[in-house]
Amino acid sequence: WIALLECWLLLQKDKKKTIDQSVLLCCKLFISESRNRAALDAIEQAARLNPETVIVNKFEDRAYNRVRYTLVSYVVQDTTRSAIYSPLQQAILAMVEAAFGAINLELHTGTHPRLGVVDEILFHPLARASLDEAAWLAKAVAADIANQFQGQLNPSKASSSCCQVK
């Protein structure tokens with residue numbers, strides 16, 4: 001909770017508090033790499049391009065050779081209180097792009113079974129956000145990833161297709 005509070009305060013810095021900025025979403029991004037420092041640096045640099053999204057936790061599992069990033073940001077709602085924007089969307093897309101560019105699964109070893117370079121992306125509500133807003137963001141990010149990367153991956157860098165949206 002302390003990290004969440006610090007994140008919220010960071011997002012509020014130099015801004016007036018608004019309802020939109022007090023509605024927070026969380027993303028947990030699992031990437032099949034934890035040993036390649038250059039790859040992790042590139043992924044984290046991509047996340048830092050959007051200062052309104054904060055990495056509140058990073059868990060590196062060396063045995064699995066997998067990393068989990070926990071990111072938090074706000075969601076903007078329209079006048080009907082429907083989600084229309086979150087900085088998380090662009091931050092996650094940038095991190096995924098960096099991961100695809102930096103990780104070659106043919107050289108990857110680890111004890112955890114993996115689905116690809118980006119193993120899993122989870123979204124859930126925090127603070128005053130709803131599950132509907134988290135679902136909206138999950139669908140938006142999935143569509144962005146499918147549109148940007150489907151058919152563009154080098155088969156030597158991926159063990160499976162890029163995206164599977166259900």
>> Going by the rule side chain to side chain contact (heavy atoms under 4.5 Å, CB included), which residues pair with Ala38 if we only count those two or more places apart in sequence or in a different chain?
In response: Asn36

> Which residues satisfy the side chain to side chain contact (heavy atoms under 4.5 Å, CB included) test with Asn57, sequence neighbours excluded?
Replying inline: Phe59, Arg68, Thr70

> Tell me, which pairs form a salt bridge (charged side-chain N to carboxylate O under 4.0 Å, His left out) where one or both residues lie in residues 25-40, sequence neighbours left out?
Replying inline: Arg37-Glu60

Measuring from [X]:[atom1] to [Y]:[atom2], what's the distance to the nearest 0.5 Å?
| X | Y | atom1 | atom2 | value |
| --- | --- | --- | --- | --- |
| Cys27 | Ile92 | SG | CD1 | 3.5 Å |
| Glu133 | Arg81 | CD | CZ | 7.0 Å |
| Ser73 | Ile55 | OG | CD1 | 12.0 Å |
| Tyr85 | Trp136 | OH | CH2 | 9.0 Å |

Pair up each side-chain donor or acceptor in residues 116-126 with any protein partner under 3.5 Å, not counting sequence neighbours, and list the distances.
unit_1: Asp119; atom_1: OD1; unit_2: Leu115; atom_2: N; d: 2.6
unit_1: Asp119; atom_1: OD2; unit_2: Arg66; atom_2: NE; d: 3.1
unit_1: Asp119; atom_1: OD2; unit_2: Arg66; atom_2: NH2; d: 3.4
unit_1: Glu120; atom_1: OE1; unit_2: Arg66; atom_2: NH2; d: 3.4

Under 3.5 Å, side-chain donor or acceptor atoms of residues 42-51 against the rest of the protein: list the pairs with distances, not counting sequence neighbours.
unit_1: Glu44; atom_1: OE2; unit_2: Lys58; atom_2: NZ; d: 2.5
unit_1: Glu44; atom_1: OE2; unit_2: Tyr69; atom_2: OH; d: 2.8
unit_1: Gln45; atom_1: OE1; unit_2: Arg48; atom_2: NH2; d: 3.2
unit_1: Asn50; atom_1: OD1; unit_2: Glu52; atom_2: N; d: 3.0
unit_1: Asn50; atom_1: ND2; unit_2: Pro87; atom_2: O; d: 3.3

>> Can you list everything that forms a side chain to side chain donor-acceptor pair (under 3.5 Å) with Thr80? Sequence neighbours excluded, please.
In response: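 With sequence neighbours excluded, Thr80 shows a side chain to side chain donor-acceptor pair (under 3.5 Å) to Asp78, Ser82, given in chain and number order.
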
>> Could you work out, with side chain to side chain donor-acceptor pair (under 3.5 Å) as the rule, every residue matching Gln89, not counting sequence neighbours?
In response: Asp144

>> Evaluate Leu93 against Ile145 for side-chain contact (heavy atoms from CB on, under 4.5 Å), listing each step before the verdict.
In response: CA-CA 7 Å; Leu93 190 62; Ile145 291 171; 3.9 Å; yes

> Which pair of heavy atoms, one from Leu25 and one from Ser130, lies closest together, and at what distance?
Replying inline: CD2-O, 4.4 Å

> Can you list the residues that meet the ring-ring contact (aromatic ring centres under 6.0 Å, His included) rule with Tyr64, with sequence neighbours excluded?
Replying inline: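 His112.
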
>> Grouping I, L, V, M, F, W and Y whenever their side-chain heavy atoms are under 4.5 Å apart, do Phe30 and Val56 come out in a common cluster?
In response: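 Looking at the clustering, Val56 is in a separate group from Phe30.
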
>> Has Ser34 got a side-chain atom pairing as donor or acceptor with Asp61's backbone, closer than 3.5 angstrom?
In response: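 Between the backbone of Asp61 and the side chain of Ser34 there is a qualifying donor-acceptor contact (under 3.5 Å).
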
>> One pair to check against side-chain contact (heavy atoms from CB on, under 4.5 Å): Leu137 and Leu88. What are the steps and the verdict?
In response: CA-CA 8 Å; Leu137 184 56; Leu88 270 173; 3.8 Å; yes

